[in-house]
Amino acid sequence: MIEVKDVKKRFGRKEVLKGVSFTAEKGEITCLIGINGVGKTTIMNAIVALTPINSGQILIDGEELHKGSYEKITFIPDAITMLPQMRIIDAMQFMDDFYDCWNEKRAEEILSFFKLDKQERIANLSKGNTAKVNLLLGLAMDVDYILMDEPFSGIDIFSREQIAEVFTSHLIEDRGVIITTHEINDIEHLIDKVVLLNEGYVLKEFSTEEIRENEGKSVIDVMREVYQS
Amino acid sequence: MNRYIKLVNFEFNRFLKIYLVLIGITIASQILGAIIRSNQYLNDMNDLLYEQLMTREAALEQLGKISFYHITQTVWFMGPIAICIVTLLIYMFFIWYRDWFGKNTFIYRLLMLPTARINVYFAKATTILLMVFGLVAIQLLMLPVGRRVLQWMIPVDFRVDQTIREILTSFDYLMILFPSTFYEFVIHYAIGFAVVLVVFTAILFERSFRWKGIVFGLIFGAFAVTIFIFPVIVQAFILPEFFYPIELFALECIAGLVVVSLSIWTSNYLLKKKIRV
Amino acid sequence: MSVTFNNRDPVYIQVIRHFKEQIATGRLEPGQEISSRRELANKLKINPNTAQRAYKEMEEQGLIFTERNLPSRITRDEHVLNAVREELILEAVDSFVTSIHAINVPLSEVLDLVKEKYENKSED
């Protein structure tokens, strides 16, 4: 379980996280939704210690992040984490060199699922394919938790469909996933849990099936209630 | 440790192309310089002997014999050294900043490697150091090459052959790169390495705190310099002639160690607790 | 297999309903093997946990059964199968009656219309 406890974060005088708390379970897809502000990405960065927090605590399976945690949790930012001059195969080699949890077999499987040519240079890839390679680098690691920042933004509809398919497949199964998005439409049926953020606060945290079952509301209904009140 | 070596290898390869170009420029320019300078000497000498019809003795009296020293004074010889130094100085900054800027976010990858982040710092420092030594070694090899060019082009009566040691000692700037004793060699390069570490720490201050970090970085740099020259200041102003040279040297070594340890400790802290993407 | 889900009913309930329709119309036969949870999630583009929940619920209702580690199958129990059929018919009739009731039409007129439409549809 990933536990975010009362996390506060300032950039200069601007407080972007004003005491954020939520949890994300293993085996579930948790979606951070915010209609504005930079909070979502900041939370993701904070969970994997890519930005310091001013107060609060973040625990991964009960312990604070340390260097070994990167074999257990990974973050896929919205831009690719490899150098443009690398070919896909070089990027895969890099991962293989540095991570014990790199799963070459799965990487090959994802390559063919996304129909990517591993000899191609990252610099020459389309936006959609860059996003897919970025995703591949994270998904092919045998980690328990995967964080994805806006995996659907700025890419064509077919790439989006393909990426959405990942969420219903064994590539995700049994892992804990946190994704951020500002657009829920594509993935409403894919997620287990929603955390609604606004202006640095968590406004509501709920299970999508429970809210449908108990209140007969869609995620967007809840968002409308919460953000417009 | 293993990942550290992989990182060094990776960092080295990232700069390899430009590095090979630097080596290429150095070799080409210095050989060309030796040819051009020798040729110029031959022209001048021919002018004196065959146009102005001077005697050989009078011509040598006026023009002097040529030695490798004259070649080292040309822009062909000094230029590439300057280019290499400037490039490496710039690269000392670029080796960090390139990971933050650009379309990719490679710094995310580096900071999320399952290894202590200080290894990234060590790997980058090691890369710079290896490149410096590489260029210094190439330069050292280029000296006999240039000398041989000179010997091919100029008849023995018109030139002074110098040993490598004579070449090095006849030229102040080269003395910094190639000190005459091993002792001095270690000191020069240890200071250079300490400077790299301090600059890296200053860069990490900037990357952690941005604008405020520039100020912290500069303060840290000034602090490091102060510690390092402190024994000398004491010797010069506070307790004149108090230490024996060997004592002063020992104090300098300690001061240097303090500076290096402080840099590494601070960088480790910044990378662990303060750095941001 | 493609299903359009609405956003306001629990997805697992919509999945179960989808199965019931398939059973009632005979597209899923008694004893027929069904896809694994993961395959189902993939085909319907839903969360694997939701597929899991739907299967668990169907198992409890006796719609499907699983022997040891074999794939799950549609039940052969006549009672359950008939009940599914009846449930769907009743549900459809109920919603039909509700909407007809709202327009306030006499039953005889409606029945004639229903008969006519139903026969036309069958001829198509």
Side-chain angles (χ1 to χ4, degrees), chain A residues 24-31 33 109-110 113 139 146 152 157-158 160-179 181 183-194 206-225, chain C residues 1-22 28 33-64 66 69-72 84 87-88 91-92 94-95 98-99 102:
Chain A
E25 300 281 342
K26 201 170 168 231
E28 285 192 356
I29 301 171
T30 302
C31 184
I33 302 177
E109 185 191 338
I110 302 171
F113 175 76
L139 290 172
I146 303 181
F152 296 99
I157 175 161
F158 301 112
R160 255 152 70 163
E161 275 181 1
Q162 266 192 318
I163 290 172
E165 219 173 303
V166 165
F167 287 90
T168 65
S169 73
H170 65 286
L171 296 171
I172 287 295
E173 212 174 35
D174 297 333
R175 314 212 224 182
V177 177
I178 302 183
I179 77 170
T181 184
E183 248 233 328
I184 187 74
N185 288 350
D186 289 345
I187 54 168
E188 191 161 354
H189 295 133
L190 301 179
I191 54 184
D192 292 276
K193 188 173 175 182
V194 172
F206 60 93
S207 139
T208 51
E209 282 286 82
E210 270 170 33
I211 209 100
R212 291 184 200 115
E213 180 139 41
N214 301 338
E215 301 182 30
K217 287 174 188 159
S218 70
V219 176
I220 291 168
D221 290 337
V222 180
M223 285 172 67
R224 206 170 280 130
E225 265 172 37
Chain C
M1 182 155 58
S2 169
V3 189
T4 316
F5 294 108
N6 74 58
N7 296 337
R8 294 198 170 87
D9 292 315
V11 176
Y12 84 94
I13 288 179
Q14 299 184 60
V15 172
I16 296 173
R17 191 184 162 81
H18 169 75
F19 268 88
K20 284 181 174 170
E21 281 169 6
Q22 302 252 309
L28 284 176
E33 204 171 278
I34 54 173
S35 352
S36 73
R37 285 129 232 259
R38 191 191 289 156
E39 285 163 1
L40 181 81
N42 209 258
K43 268 193 272 187
L44 299 182
K45 298 189 176 23
I46 55 170
N47 184 307
N49 292 332
T50 308
Q52 165 78 18
R53 171 104 193 260
Y55 272 25
K56 191 170 160 251
E57 205 79 19
M58 287 197 287
E59 198 129 359
E60 276 167 21
Q61 291 178 20
L63 287 172
I64 60 171
T66 314
N69 285 329
L70 296 169
S72 301
V84 167
E87 184 193 331
L88 286 183
E91 237 178 71
D94 275 348
S95 82
T98 314
S99 29

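Every chain is numbered from 1, with letters handed out A, B, ... down the list of sequences.
Ranked by non-hydrogen atom pairs under 4.5 Å with chain C, the options A:Val219, A:Thr168, A:Ile29 are led by A:Thr168. Comparing A:His170, A:Glu161, A:Glu165 by how many heavy-atom pairs each has under 4.5 Å with chain C, the most go to A:His170. Contact count versus chain C (heavy atoms, under 4.5 Å) is highest, among A:Gly27, A:Gly216, A:Ser169, for A:Gly216. Of the listed residues C:Asn6, C:Ile13, C:Asp9, the one with more heavy-atom pairs under 4.5 angstrom with chain A than any other is C:Asp9.
A:Glu188 touches chain C through its side chain: at least one heavy atom from C-beta onward sits under 4.5 Å away, while N, CA, C and O do not. For a residue to count as touching a neighbouring chain, one of its non-hydrogen atoms must lie under 4.5 Å from one of that chain's; by this rule A:Glu210 does not touch chain C. Only the side chain of A:Asp221 comes within less than 4.5 Å of a heavy atom of chain C; its backbone N, CA, C and O stay farther away. Neither the backbone nor the side chain of A:Ile211 comes within less than 4.5 Å of any heavy atom of chain C.
Contact of the A:His189 side chain with the C:Asn47 side chain is not registered, since no non-hydrogen atoms from C-beta on lie closer than 4.5 Å.
The neighbour count for A:Ile157 CD1, taken as heavy atoms of other residues, nucleotides or ligands under 6.0 Å away, does not exceed 12.
In this structure, A:Lys193 NZ and C:Asn49 CG are separated by 12.5 Å, a value rounded to the nearest 0.5 Å. C:Arg8 contributes atom CZ, which lies 11.0 Å from atom CZ of A:Arg212 (distance to the nearest 0.5 angstrom). Taking CG of A:Leu190 as the reference point, atom OG1 of C:Thr50 lies at 9.0 Å (rounded to 0.5 Å).
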